[in-house]
Amino acid sequence: MSDSYGVVAAVVGLGLVGLLGAFALNKALTVTYPTEGKLKTYESGVDPVGEGWAQVHIRYYLFAYLYVIFAVDAIYLFPWATIFATLGYSTLIEMFVFLAFVTVGLLYAYRKGVMRWT
């Protein structure tokens with residue numbers, strides 16, 4: 001059993017060495033000539049106007065939260081529905097528990113007013 005952990009540790013170690021080696025090789029081979037024009041902020045070919053700070057409304061966070069709820073729901077429901085007959089009724093109970101969590105998320109979004117398009 002400990003041999004398996006040794007192999008995993010060796011692979012992770014080699015991966016980290018390879019990653020750090022790639023970054024070091026990139027740094028060593030890169031030629032840069034920073035000029036004022038290259039260091040200037042670039043925004044679609046137009047000189048930037050104003051500051052780089054922009055506030056984002058909290059409503060966008062709630063839209064993202066709602067998207068995650070539906071995406072996770074679809075990721076788990078469709079494959080489960082295709083093999084439900086072979087899994088039995090215990091998975092039906094598990095799926096109802098999962099849907100209860102999804103429903104709690106949807107109720108939270110509804111209470112926050114995300115479902116209203118005003």
Exercise. Give the cluster check for F96 versus V72: same hydrophobic cluster or not, with ILVMFWY residues linked at side-chain heavy-atom distances below 4.5 Å.
Key: yes

Quiz item: Which residues pass the side chain to side chain contact (heavy atoms under 4.5 Å, CB included) test with V102, sequence neighbours left out?
Solution: I69, D73, F98, L106

Self-check item: With sequence neighbours excluded, residues passing side chain to side chain contact (heavy atoms under 4.5 Å, CB included) with T103
Solution: L107

Quiz prompt | Nearest atoms (heavy-atom pairs only) where A74 meets P79 | solution = O-CD, 4.0 Å

Quiz item: Which pairs count as side chain to side chain donor-acceptor pair (under 3.5 Å) when at least one residue sits in residues 14-26, sequence neighbours excluded?
Solution: N26-T30

Self-check item: By side chain to side chain contact (heavy atoms under 4.5 Å, CB included) - contacts of Y33 (at least two apart)
Solution: V31, K38

Self-check item: Co-membership, hydrophobic cluster, residues M95 and Y89, 4.5 Å side-chain
Solution: yes

Self-check item: Residues in ring-ring contact (aromatic ring centres under 6.0 Å, His included) contact with F70, at least two apart in sequence or another chain
Solution: none

Exercise. Could you name each residue pair satisfying side chain to side chain donor-acceptor pair (under 3.5 Å) that touches residues 76-88, not counting sequence neighbours?
Key: none

Quiz item: Can you name the ring-ring contact (aromatic ring centres under 6.0 Å, His included) partners of Y110, sequence neighbours left out?
Solution: none

Quiz item: Which ILVMFWY residues are connected to L14, directly or by a chain of links, through side-chain heavy atoms under 4.5 Å apart?
Solution: none

Exercise. Would you please name every residue forming a side chain to side chain contact (heavy atoms under 4.5 Å, CB included) with P34, sequence neighbours left out?
Key: T32, L39

Practice problem: Find out if a path of hydrophobic residues (ILVMFWY) with successive side-chain heavy-atom gaps under 4.5 Å connects L66 to V68. | Solution: yes

Self-check item: ILVMFWY cluster membership beyond L16 - transitive side-chain contacts under 4.5 angstrom
Solution: V8, V12

Exercise. Determine, using the 4.5 Å side-chain heavy-atom cutoff (strictly less than), whether I93 and L77 are members of one ILVMFWY cluster.
Key: no

